[in-house]
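As a basis for the values below, the full set of heavy atoms in this structure was taken, side chains included, without hydrogen atoms, waters or symmetry mates. The chains referred to below are lettered A, B, ... by the order of the sequence lines, with proteins before strands, and numbering in each begins at 1.
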Amino acid sequence: MEYNFRKIEADWQKYWAENQTFKAENNSTKPKYYVLDMFPYPSGAGLHVGHPLGYIASDIYARYKRHKGFNVLHPQGYDSFGLPAEQYAIQTGQHPAITTEENIKTYRKQLDQIGFSFDWSREVRTSDPNYYKWTQWIFIQLFNSWYNKTTDKAEDISTLIAIFSTEGNSEVKAACDDTIEKFSADDWKNFSEEKQQKILLQYRLTFLSETEVNWCPGLGTVLANDEIVNGVSERGGHQVVRKKMMQWSMRITAYAQRLLDGLAKIDWPQPLKDSQTYWIGKSEGAMVSFKVLSPALSEGKGARDSGYLTGNQDIAHVLLERAKEMRANPTQAEVFLWKQLKSKKLDIKFRQQHLIDDFIVDFVCLSKRLIIEVDGKIHESQIEKDFERTKILENKGYKVIRFTNEEVIGNIDKVVSKIIEELEKRPTLSEGKGTNENNEVLPLGKDLGWEIDVFTTRPDTIFGVSFMTLAPEHDLVPIITTPEQKAAVEVYIKSTAKRSELERMADVKTITGVFTGAYALHPFSGKKIPIWIGDYVLAGYGTGAVMAVPCGDQRDYDFAKHFDLEIPNIFEGVDISEGAYTDKENSVIANSDFLNGLPYKKAMKRIIHEIEQRGCGYGKVNYRLRDAVFSRQRYWGEPFPVYYKNGLPQMIDLKYLPIVLPEVEKYLPTEDGKPPLGNATVWAWDTEKSSVVSNQLIDHKTIFPLELNTMPGWAGSSSYFNRYMDPHNTEEFVSKEAVNYWQDVDLYIGGSEHATGHLLYSRFWQKFLFDKGIVPVDEYAKKLINQGMIMGTSAFVYRWEYGLQSDSINLARKPIYISKGLIEKAIKSGLMVSEISEALSKIYSDLIGYHKSLGESLAEWSHFNPIHADVSLVNSSDELDIEAFKNWRPEYNDAIFIGENGEVLPFGEDLGGDKYIVGREVEKMSKSKYNVVNPDQICEEYGADSLRMFEMFLGPLEQSKPWKTSGISGVLSFLKKLWKLYIVENKFSVSEENPSKEEFKILHKTIKKVEEDIDNFSFNTSVSTFMIAVNELTALKCNKRAILEPLAILLEPSAPHISEELWKNLGHTTSIATVDFPVFEPKYLVESVKEYPVSFNGKMRFKIELPLDLSVKEIEEAVMAHEKTQEQLQGRVPNKVIIVPGKIINIVG
RNA sequence: GCCUCGAUGGCGGAAUUGGUAGACGCGCUGGAUUCAAAAUCCAGUUUCUGCAAGGAAGUGCGGGUUCGAUUCCCGCUCGAGGUACCA
């Protein structure tokens, strides 16, 4: 009776499927246990042996828990939306759904033959409308929610509307867009519906906004930060550029603090927690505003010195009077235009007859720095002066556009559209503080009304500020730059814009920057602080500006040194001549007025208090985490349940969900640049009152455009684990009963590459769903394990490259491949080895003379080129199947091989026992390296149980380790040996005799160890334990039921097929799957004697067997009396004898 | 640069609280069985030294704590992964 794994495995896989052995019930008297795998993306390449590693580990654990009396949920599904299927569709026209369906079939077949205990009745696929209905549903829930910072949770948007209509928004603490204007309850009520919706959109947890995104032209879509590797797209390696686009975003930043806090209560790997913590990037500090000084005060250069205005009376006063007067007496054209500018149409604030610096302008939009002048008759004689005035204003960052009276009166629409066009081109700035509450211009000479806000984690070092640095893209740069510096600044900005992200990354050391000519006012010391621009300051982080403290920050220090700026020292007793002092915990502040003598923590407290007192800033926590962009310009993803009304997004009613992905003819963007969904003419959704046709929602005969973007890859995977609890529910995402029963995932196994993607987004969604009362816990996975990567062992053949390229000897030669041993020998000596020479002379006799004439030096006349050979062409002894290799690819058809012993292999009938041995190297398993090992082949050749045990046996689950198929034979022979224990005279038979003490001891030490190992996820050592047990039982010829029956149960989680078969043959009629795990009984392991190791000065020298009940004194006597002890001591008297009873004896001499 | 993890025979790895370093498996060597091969079984296999019994050294490198360190501490080297001027 042979161990016929092929038949056994096929039989049991069929049995499990037919009997739904692993179907989990949503109610049970047993305690629940939820074991989850990261569901796969079904790629066209199928599985290689690296993929199932984590699945095998989780399957062992799931099966183990079933034996331990748990109701186990162990589901599997497919993350089936994604780029490869879409790329394939673009190339071939095949619908991604078909490709995906085919790939899933392959995956399922491959998974099934490994014998997983998945509950397939709960399978989910993210691309299935019945599944993505709920992804769309969660999106709508997010849209209908805002984050209340007072209650610290997400709430329905209706609670926000209630607050707005009773008290306005000034007291609302919400996670929202920072730039929202303040309004009162009355304002709110008076706002148009449209305006109200616009405001609400800035508070919603998923919102539309113009964001700078990573645009990948090669893929025609935006990418998330974690989809970009080294500045290029993770998939395909295409170039990525920054681009502003209207995009859906998810307000994950609202949860930044809770995402950090939650890490403390989950058992996840520390490195993964660290990378999430770093990604969230919390830093505590303060926002500080620095006033920008007017050029008049800073450099003595300003408008007044330009000769345009003269006189030294109180200019401001005079000008203010004049402005008032002019406002009171407008021209007809001015009145006409003012009406337009004031109307809600432009939705932006303009001022009339306003004072800018020393000039009165007709109209100005301060937040856009746009001045509109209407030229009447009076100005006609002043063209030259106006030109000069425009120049000065433009130097201050204003754009001046002029219209004539005739233009304004004659074609006001054209004028307005020109203004709108200009407005759209200009960046929006917060209005300066150049005016007081009555909209009157403040006296000049104080400041320009501009402030530079900086975020700093070291406000305590504020007295060390000796300059400021702005990012080149900072909004204020064009405004504050002085005319003298304008050219230099422009050149600098151009040069930094040219430097790509990659270059900037590669070249961190080069310090570049330029002075703007402007100065800021130090809020405490009152000193003038020069304002610089430098590309070490990033526009995207904080405010895009820093207060530079060269004595406390190395980058500021380097910048100061490079441009010879002041480096004041504000640390007590610290030398900063060589570099900045960055040890904040141990710093004591000096030369800093009221902060003198204070250590870091006290100084921080004091300065933040002072900053807030003076109104020049406030304490602030800043996060590196950005809101997650949620739009993709793809076809193969979830459609948004969104249409647009007056340009504002509206959620499609829940009753119409799912919004099914429409058919398209082409999967590329449309000709006018819309996403692929723009190609859809018919949306598969039609009801009596509403229907979706031709990209439009028709509701009561009104036509609205639909959202044409689709959701990103992480949408479908962010809550799939909850859906497994209740996958067929058509009424709810998950029922209360189901989610209250299963609660959360007890064990989650998957790769660490998802640390800052899926594993962060899914925690965010879970917290949101928790806030909304949909799920009962706010962390979905109690324990997470990252399985390590399995590396491939690539095989190389060595092609002999002979002669120089120009050499005629190269021509008409067949490629020659030389075996690894000979290559190594040749490379080591640097000379031609005789085996190769002789072989070569057999092939091409003329070659020998050739290389001899060159003095036999290898390097001079040839070298060896390693070439990847497919690992399936190599056997377990690294021997190449020459015929198969030659047939593998056409270019190898006429190859010639020189074997390990120097024989020319294809010649003659007898190969003389020589072999071609390949070289080996461990690399990442990948198709392009021809080192992937297919699990199907392994199952066919060695069986699924062998594959399962071998994958575990390779090493610790979390480590990356190389795959070498040859090792699997050890596991197979173990299974054969195990099988034989149950066989007597070629028949299945066990003895009913009572086991001996020794046999019981083997069994129980195995139970103990295996239990410990599985509990610690140390599956590799549990395999060893089984091998030891089987070896020992074989040695005892043990054939007793009382030992072999529990052994089968112990082994079931790791090798389920053989265990089921043994169990059946032991006379059982039902599956072994839920049989109780054997109970460890310590009594079988009690010993009466111990073989003590005896060490001398810590080195073990010999062993001595002693009864365990001896006292320390008796042990010492016995050891000292031992002849070997005397031999070691050679008459010396030991200084000390250490005895740890039951453990060790150490004699110190 | 910073963060994290790691380094043990020819190879994968074991040693769970500081207590016999190298379990278990692969590979290799020798033997049995066989006409032969596969399969199977037995013995050996860290290094150096020795015919052997034995002896000595040894867990990336250099120090330290300890009766005793692969394990703990300090300082390095190398490798893998993450991150990238985060103010």
[atom1] gap between [N] and [M], integer Å:
{"N": "B:rU71", "M": "B:rA7", "atom1": "P", "result": "11 Å"}
{"N": "B:rC3", "M": "B:rG10", "atom1": "P", "result": "34 Å"}
{"N": "B:rC74", "M": "B:rG79", "atom1": "P", "result": "23 Å"}
{"N": "B:rA87", "M": "B:rG6", "atom1": "P", "result": "28 Å"}
{"N": "B:rG64", "M": "B:rU47", "atom1": "C1'", "result": "27 Å"}
{"N": "B:rU66", "M": "B:rC73", "atom1": "P", "result": "16 Å"}
{"N": "B:rG12", "M": "B:rA23", "atom1": "P", "result": "15 Å"}
{"N": "B:rG19", "M": "B:rG1", "atom1": "P", "result": "36 Å"}

*With sequence neighbours excluded, what pairs up with A:Lys1037 under the side chain to side chain contact (heavy atoms under 4.5 Å, CB included) test?*
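Counting only residues at least two positions away or on another chain, A:Lys1037 forms no side chain to side chain contact (heavy atoms under 4.5 Å, CB included).
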Is it the case that the side chains of [Y] and [X] hold a donor-acceptor pair, with the cut-off being a distance below 3.5 Å and no angle test?
{"X": "A:Thr543", "Y": "A:Asp453", "value": "no"}
{"X": "A:Tyr581", "Y": "A:Ser587", "value": "no"}
{"X": "A:Tyr536", "Y": "A:Asp558", "value": "no"}
{"X": "A:Asn786", "Y": "A:Ser752", "value": "no"}
{"X": "A:Thr253", "Y": "A:Tyr623", "value": "no"}
{"X": "A:Thr1025", "Y": "A:Ser1022", "value": "no"}

*Using a 3.5 Å limit on both pairing distances, list the dot-bracket string of RNA chain B from the 5' end; Watson-Crick and G-U wobble pairs count, crossing pairs take [ ], interstrand pairs take |.*
(((((((..(((......[....)))((((((.......))))))((((....))))..(((((..]....))))))))))))....
Using whole Å, what does the distance between atom [atom2] of nucleotide [N] and atom [atom1] of [X] come to?
{"X": "A:Ile280", "N": "B:rA84", "atom1": "CD1", "atom2": "P", "value": "15 Å"}
{"X": "A:Glu1012", "N": "B:rA15", "atom1": "CD", "atom2": "C1'", "value": "14 Å"}
{"X": "A:Leu263", "N": "B:rU4", "atom1": "CG", "atom2": "C1'", "value": "15 Å"}
{"X": "A:Ile462", "N": "B:rA87", "atom1": "CD1", "atom2": "C1'", "value": "13 Å"}
{"X": "A:Ile968", "N": "B:rG25", "atom1": "CD1", "atom2": "P", "value": "15 Å"}
{"X": "A:Leu760", "N": "B:rG82", "atom1": "CG", "atom2": "C1'", "value": "14 Å"}
{"X": "A:Lys282", "N": "B:rC3", "atom1": "NZ", "atom2": "P", "value": "20 Å"}
{"X": "A:Phe950", "N": "B:rC26", "atom1": "CZ", "atom2": "P", "value": "10 Å"}

OP1 or OP2 of [N] sitting under 4.0 Å from any side-chain N/O of [X]?
{"X": "A:Tyr278", "N": "B:rU83", "result": "no"}
{"X": "A:Arg555", "N": "B:rG1", "result": "no"}
{"X": "A:Ser283", "N": "B:rA87", "result": "yes"}

*asked:* Tell me if the centroids of the rings in A:Trp963 and A:Phe950 come within less than 6.0 Å of each other.
replied: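 Yes.
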*asked:* Using ring centroids (six-membered ring only for Trp), state whether A:Phe467 and A:Phe559 fall under 6.0 Å.
replied: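 Ring centroids of A:Phe559 and A:Phe467 are less than 6.0 Å from each other.
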Cationic N near anionic O, under 4.0 Å, [X] to [Y]:
{"X": "A:Lys1005", "Y": "A:Glu1032", "answer": "yes"}
{"X": "A:Arg458", "Y": "A:Glu284", "answer": "no"}
{"X": "A:Glu940", "Y": "A:Arg6", "answer": "yes"}

*Should the ring pair A:His758 and A:His754 be called parallel, tilted or perpendicular, given that the plane angle runs from 0 to 90° and is split at 30 and 60?*
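Answer is perpendicular, since the angle exceeds 60°.
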*Should the pair A:Tyr541 and A:Phe455 be assigned to parallel (<30°), tilted (30 to 60°) or perpendicular (>60°) ring geometry?*
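It falls in the perpendicular class, over 60°.
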*asked:* Students often get this wrong, so: under 4.0 angstrom with heavy atoms, is A:Lys1009 touching a base, only sugar-phosphate, or nothing?
replied: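 Base, at least one base atom sits under 4.0 Å.
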Might you confirm whether atom [atom1] of [X] has over 12 heavy atoms from other residues, nucleotides or ligands at distances under 6.0 Å?
{"X": "A:Lys924", "atom1": "NZ", "value": "no"}
{"X": "A:Glu1091", "atom1": "CD", "value": "yes"}
{"X": "A:Lys273", "atom1": "NZ", "value": "yes"}

Anything under 3.5 Å between a protein N or O and an N or O of nucleotides 9-13 of chain B, put it in a table, one pair a line.
unit_1 : atom_1 : unit_2   : atom_2 : d
B:rG12 : O2'    : A:Leu954 : O      : 2.5

*Starting at the 5' end of RNA chain B and moving along, which residue's nearest nucleotide shows up first, A:Thr1021 or A:Tyr541?*
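First, find each residue's nearest nucleotide; the 5'-ward one identifies A:Thr1021.
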*Closest nucleotide of RNA chain B for A:Asp556 versus for A:Asp1013: which of these residues is on the 5' side?*
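The answer here is A:Asp1013.
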*When you measure from every atom of RNA chain B, which of residues 266-274 of chain A have a heavy atom less than 4.0 Å away?*
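Contacting residues: A:Pro271, A:Asp274.
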_Base contacts versus sugar-phosphate-only contacts with protein, heavy atoms under 4.0 Å: please encode nucleotides 67-75 of chain B as B, S and - from 5' to 3'._
BS-------
Mind listing the N/O atom pairs, protein and nucleotides 38-47 of chain B, below 3.5 Å?
none

*Which label fits B:rG50, syn or anti, where anti is any glycosidic angle not within 90° of 0?*
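The base of B:rG50 is oriented anti (glycosidic angle more than 90° from 0).
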*When rounded to the nearest 0.5 angstrom, what distance separates OH in A:Tyr3 from NZ in A:Lys980?*
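Rounded to the nearest 0.5 Å, the OH-NZ separation comes to 13.5 Å.
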Which one, [options], comes nearest to the side chain of [X]?
{"X": "A:Lys1143", "options": "B:rG19, B:rU83, B:rA87", "result": "B:rG19"}
{"X": "A:Ile1144", "options": "B:rU83, B:rU16, B:rG19", "result": "B:rG19"}
{"X": "A:Ser966", "options": "B:rG19, B:rC26, B:rG82", "result": "B:rC26"}

*Stepwise, does the side chain to side chain contact (heavy atoms under 4.5 Å, CB included) test hold for A:Val49 with A:Met925?*
CA-CA 9 Å; A:Val49 291; A:Met925 203 173 264; 3.6 Å; yes
